[in-house]
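Input: a single structure, listed below in structure tokens.
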Amino acid sequence: MTGTILGAPDISRALTRIAHEILERNGGADNLVLLGIPTRGLPLAHRLAARIAEVEPSFDADARCGSLDITMYRDDLAKHPTRNLGTTTLPSAGIDNAVVVLVDDVFHTGRTIRAALDAVKDEGRPRGVQLAVLVDRGHRELPIRADFVGKNIPTARTERVSVLLTETDGEDAVILSDGKPSGGVTA
Amino acid sequence: MKHLLSTSDLSREDAIRILDTAEQMAATQEREIRKLPTLRGKTVVNLFFEDSTRTRISFEAAAKRLSADVINFSAKGSSVSKGESLKDTALTLQAMGADAVVIRHWASGAAERLAESGWMHGAVLNAGDGTHQHPTQALLDAYTMRKHLIGAEAGPGAHFKTATGNDLAGLTIGLVGDVLHSRVARSNVALLTTLGAKVVLVSPPTLVPVGIETWPVDVVHGLDVALERYDLDAIMMLRVQRERMSGGGNAFFPSPAEYTRLFGLDGDRMRRLPEHAIIMHPGPMNRGLEITAEAADSPRSVIVEQVSNGVAVRMASLYLLLAGEEGGE
Amino acid sequence: MSPSITKSSENNTSEPQSFVIENVSLFGHTDSHLVVEDGDITLVRGSDTELSAEEIPEHAVRIDGSGLIALPGLVDIHTHLREPGREDAETIESGSRSAAAGGFTAIFAMANTTPTADTAGVVEQVWSRGKEVGLVDVHPVGAVTVGLGGEQLSEMGAMAMSKARVRVFSDDGKCVHDPVVMRRALEYVKTFDGVVAQHAQDPRLTEGSQMHEGVVSAELGLTGWPAVAEESIIARDVLLAKHVGSRVHICHVSTAGSVKILRWAKEEGIDVTAEVMPHHLLLTDESVRGYDPRFKVNPPLRTQQDVEAVRAGLADGTIDIVATDHAPHPDEDKDCEWGSAAMGMIGLETALGIVQKTMVDTGLMTWADVAFRMSHLPARIGRVEETQGLALNQGEPANITLVDPKATYTVDPAATSSRSNNSPFGGVELPGRAVATFLRGKPTYLDARFEGIFA
């Protein structure tokens, strides 16, 4: 079961589908803000925004896309060496009354998203928050679910899911392994 | 990082990491909700053996904005003034479960002593020890310089995002005043040099320490000479203690007026700085002695901004010392 | 090398006991036998043949001295015993015990006690308590000025004529900085062949000083103690001594410049003597990095260049003697931040090992030089040469220190006989040490290998 689960074309198709699902669910792109969670949620958010803009030309992909660093909201800081902070950049219009779509690469325990919800709350008061992920590998530890999923991948807890993206890793791929991965992020 | 005691302990990477972290902290301070949950449950003690309201409230604000509990312990009116030793104070703080101690002390080396004597095992953050070091001051100065002077849009009001990850290579920084008694000068010389900047000390010979020849700096003995010889990107006016400028046999200078004449920054000298140069001061200022109101209040002055950058740098320091696993890194 | 000890017979009679030291090296060369009876050396001869039965006194303890060096009992002209006043740091008894353990048979107790040793009453008290303890000869040093105040001469004549027979006068801890007071003192001590031992430190140049002024102090932000503050006083005082025709002794010389001035003064024929501390032969101001107050001492630790210069000065005789400046302080005076810590370090028990490490093992001095500079000359400077610092000759009092130059050990300040632990040498490995000390034939210190032999 280990090996490359998704290749570049699979990832591309999944993102295109999610873009359409977001538009469909929200009846268009008005008030839509995409916030990527660093590191790899960020390029994914930009790709989704670009796809949305293809469908809705009035949607300004750059202006409606941001970055939400959740490091300082994590509940496991004391369990690891000090983490470097990522960047939080919001659309200049802010997120009040917007529909915020959080974008991340791998959806696992739900703790990252719990932290992201806290971070969003400190940034403003959106009308709604939705979640888009490239991979859902299960093993939720909190009552949180994703609204848009690229692919559900059943995994064992000991296995690792590595997402590689051209912007950060030079190629697009999702790899399942049981050891430490050679590159990319693990979740 | 286990402690922050001296800027000479910091590598270039350490320093840049602190500055980059401070940038993120500063960004959160522009929001409506400025408090972060990051250090919830941690206790930070401000242990001040020397009065410094400005530094203390800066650390206090930094700790509180990261949701740490803050206990202020000042030497005045406490057991410290009744002869309790630093050791016993440290043992008390240990017993109270301090995760970090921010210490300001009149004795050079007191922070290092506290950190390494085994009296307590929390993180120690040096908030000024005698005439030795004041690392967060130098870090906030470097942060301010990087924000204004590094990156494509450098110059007053430059957008600082371009500075991220960078050092201060290529900059020439003038530090003017009493180097001998200045922990700010010592901290800045070490840090700015580590970050690749060239440091010019502008100081009367009586206020330059013997033994300075090993420091990686230029030393000149008049502000006019410095302005003539160097294109300074930033000029930092050190605070001058009036009593050192007068008082007969113990004075380091004939008079305050003479100091101002030779080393004070006024409008004329300010206009001889390069167009983009910024004016800095660690505060509190002696207006009319080391700096005139015209220079201090000019658009080139970033003195007020240094104060708010101080909170961001101290938040970054506390974060890096306290957020990770204990003894981590 | 662990010399075996045999007892010639059961002997529990009263002291002093007879003993023989066989095959011991006198000053590191001649291999000899020494016989001691009734507190005196009664026989010294080469060890080419064994001692005959007639030569060994009845009931004598026999000590195998192979591998050991016999020196005349060491004399320290600069010790702080703290009694009266600071018995929490040291007492005459504990200091005497520590001195004996370091190989000393005589020490000069500095005057900066509470009350100050500036009257005949105080010096007699110290002297008689030293005698009562009986482990070393305790010679009180008298204060030059009342209360070490630097203004009014103390009654030096009364101290000189007291039972304590004071000959060395010093305000040590403070400098006799007023040139007129110093001049008068130098003149006055001629009355009784005394000497002023000057703590050379210009007070104005050293206000608030914390360490040697130089590269390290600049970096550490500690107020500097410039070399010139020592050198200028030495220069002034040798000129004063010349002018009034008196002799002057310079305490704890620590800088290269001081050595130069002393060399010049001796060439001029000025009657000046000088001492150096073991710590100034070994440590530099680099040790201050880390702000550990055990390295805080006055005069401060200097640079490597100064260390080289004082070693050379001691080797060529420009610096006459080694003295310890044994300065006990209770833990609480060192277990604190640098700026609040007391200055000084204990040194009686480490002095010999440091001199061996820095001077003998480096080839700068022989063991005979050690005997000269740590026993004979200090006794002469202190005018106790009738009883101390004597050669190991037949008929002389048996003041003997046995040194094991191969007894490498790691210093443990807590294991010292001193009441205080403020040694900077904890954890330092020293090459040798005194293993037995005899004061007029009485063992005052015996290390573990000799346990029980004088029972």
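Residue numbers begin at 1 in each chain, while the letters A, B, ... track the order of the sequences. Bear in mind the structure is a predicted one, so any value in this text is a computation, not a measurement.
Looking at C/Glu332, neither its backbone nor its side chain comes within 4.5 Å of chain B, counting heavy atoms on both sides. At a 4.5 Å heavy-atom cutoff, the contact between B/Glu112 and chain C is made by side-chain atoms alone. With a threshold of 4.5 angstrom between heavy atoms, B/Gln133 does not approach chain C through any atom at all. Interface residue B/Thr214: only side-chain heavy atoms are found under 4.5 Å from chain C. Residue B/His105 touches chain C through its side chain alone, counting heavy-atom pairs closer than 4.5 Å.
Looking at C/Asp335 and B/Trp119, their side chains come closer than 4.5 Å, going by heavy atoms from C-beta outward. The closest side-chain heavy-atom distance from B/Ser117 to C/Tyr291 is not below 4.5 Å. C/Val215 places a side-chain heavy atom less than 4.5 Å from the side chain of B/Glu213.
When the shell of 6.0 Å around CD of C/Glu207 is examined, it contains more than 12 heavy atoms from other residues, nucleotides or ligands.
Going from atom OG of B/Ser108 over to atom CD of C/Glu337 covers 11.0 Å, rounded to the nearest 0.5 Å.
A donor-acceptor pair under 3.5 Å is formed between the side chain of B/Arg113 and the backbone N or O of C/Cys336.
Under the 4.0 Å criterion applied to side-chain N and carboxylate O atoms, C/Asp331 and B/Lys87 are not assigned as salt-bridge partners.
Highest contact tally toward chain B, considering only C/Leu222, C/Thr223, C/Leu220, is held by C/Leu220 [criterion: heavy-atom pairs under 4.5 Å]. Per-residue counts of heavy-atom pairs under 4.5 Å with chain B were compared for C/Gly339, C/Gly224, C/Pro226; the largest is that of C/Gly339.
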field: Test log, rule side chain to side chain contact (heavy atoms under 4.5 Å, CB included), inputs C/Glu219 and B/Val189
entry: CA-CA 10 Å; C/Glu219 215 174 297; B/Val189 166; over 6 Å; no
